[in-house]
Amino acid sequence: MERLTAEFFERSSVVDCARGLIGAKFLWHGCEARIVETEAYAAEGDEACHTFFRPGARAFVASHPAGTAYVYLNYGVHWLFNVLVHGPHGSGFVLFRALEPLAGIERMMERRGRSMVRELCSGPGKLTRALGIDGAAHGCEFLNGESTGIVTGASKAVTSSFRIGISRAQDLPWRFHEEANIHVSR
DNA sequence: TACGTGATTACC
DNA sequence: GTAATCACGTAA
């Protein structure tokens, strides 16, 4: 078990980072959860990535180091959590789509208002709510924080599939999840 | 299956 | 100023 550093998000492509994070442990202010579902968004050549239609996202990519949190509000309701990648052949984001709660579960239940563990983090908007992540985390270099970061973990059988909830570039198999894990999004 | 919700953006 | 678009969750 080792802490991931920014170097992890510099040495591989955004797609490999997304796949490689499955099974790792996400630490956030007293809560711990295994990453069981991610998606990759490439800053160049991916029409579903924010950089394709948002100048502000392009500016963010250009002005922050690898490993920075990119957090934004979606549909006016849900905060979504991404990690910035600066790979050898391009930049991008890894979206956290689902987690398997390990510690701090009581706190997650409080924030979610649900008591079933598999309802806590089984979606990108759910997991930010469960962990108390909001716009304050945007731009944060959380990897080496006092109480935030990512720790390597056993990667089990990882399946790739198409990304969810997007209208463009639907043909890229850039969603990754652990097989047969009940905590992935529905 | 319908719909609330608000930031960002492009275009007047 | 306006309108369109959205990497979603919930109840039903």
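Letters A, B, ... are given to chains in the order of the sequence lines, protein chains preceding strands, and every chain is numbered from 1.
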Check the distance between [N]'s [atom2] and [X]'s [atom1] and give it to me in whole angstrom.
{"X": "A:Phe96", "N": "C:dC8", "atom1": "CZ", "atom2": "P", "result": "16 Å"}
{"X": "A:His50", "N": "C:dA7", "atom1": "NE2", "atom2": "P", "result": "5 Å"}
{"X": "A:His78", "N": "C:dG9", "atom1": "NE2", "atom2": "C1'", "result": "4 Å"}
{"X": "A:Glu47", "N": "C:dC6", "atom1": "CD", "atom2": "P", "result": "11 Å"}
{"X": "A:Trp79", "N": "C:dC6", "atom1": "CH2", "atom2": "C1'", "result": "14 Å"}
{"X": "A:Leu73", "N": "C:dG9", "atom1": "CG", "atom2": "P", "result": "13 Å"}
{"X": "A:Phe53", "N": "B:dT8", "atom1": "CZ", "atom2": "P", "result": "13 Å"}
{"X": "A:Tyr41", "N": "C:dC6", "atom1": "OH", "atom2": "P", "result": "12 Å"}

### Query
Looking at C:dA7, does its base get a donor-acceptor pair with the side chain of A:Asn82 below 3.5 Å?
yes
Counting any heavy atom closer than 4.0 Å, what does [X] reach on the DNA or RNA strands: base, sugar-phosphate only, or nothing?
{"X": "A:Arg54", "answer": "sugar-phosphate"}
{"X": "A:Arg186", "answer": "nothing"}
{"X": "A:Arg112", "answer": "sugar-phosphate"}
{"X": "A:Arg129", "answer": "nothing"}
{"X": "A:Ser167", "answer": "sugar-phosphate"}

### Secondary structure string for DNA chain B (Watson-Crick or G-U under 3.5 angstrom, | for other-strand pairs)
||||.||||||.
## Note on the structure
Closest to the 5' end of DNA chain C, once A:Val94 and A:Glu119 are matched to their nearest nucleotides, is A:Val94
### Query
Mind checking whether A:Phe96 and A:Phe81 have parallel, tilted or perpendicular rings, split at 30° and 60°?
tilted
Could you state the interatomic distance from [atom1] ([X]) to [atom2] ([Y]), rounded to the nearest 0.5 Å?
{"X": "A:Arg3", "Y": "A:Leu27", "atom1": "CZ", "atom2": "CG", "value": "6.0 Å"}
{"X": "A:His183", "Y": "A:Leu120", "atom1": "NE2", "atom2": "CG", "value": "9.0 Å"}
{"X": "A:Leu131", "Y": "A:Cys121", "atom1": "CG", "atom2": "SG", "value": "5.0 Å"}

#### Entry: Any donor-acceptor N or O pair under 3.5 Å, side chains A:Tyr70, A:His50
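Yes.
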Salt-bridged, [X] to [Y], with N to O below 4.0 Å?
{"X": "A:Arg163", "Y": "A:Asp46", "value": "yes"}
{"X": "A:Glu39", "Y": "A:Arg97", "value": "yes"}
{"X": "A:Lys156", "Y": "A:Glu178", "value": "no"}

#### Entry: Any A:Arg114 side-chain nitrogen or oxygen under 4.0 Å from OP1 or OP2 of C:dA11
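The answer is yes; a side-chain N or O of A:Arg114 sits under 4.0 Å from OP1 or OP2.
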### Message
Looking at A:Arg168, I'd like to know whether one of its side-chain N or O atoms comes within less than 4.0 Å of OP1 or OP2 on C:dC6.
### Response
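True: A:Arg168 side-chain N/O within range (under 4.0 Å) of C:dC6 OP1/OP2.
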### Whether A:Tyr75 stacks on the six-membered ring of C:dG9 base, 5.5 Å and 30° limits
no
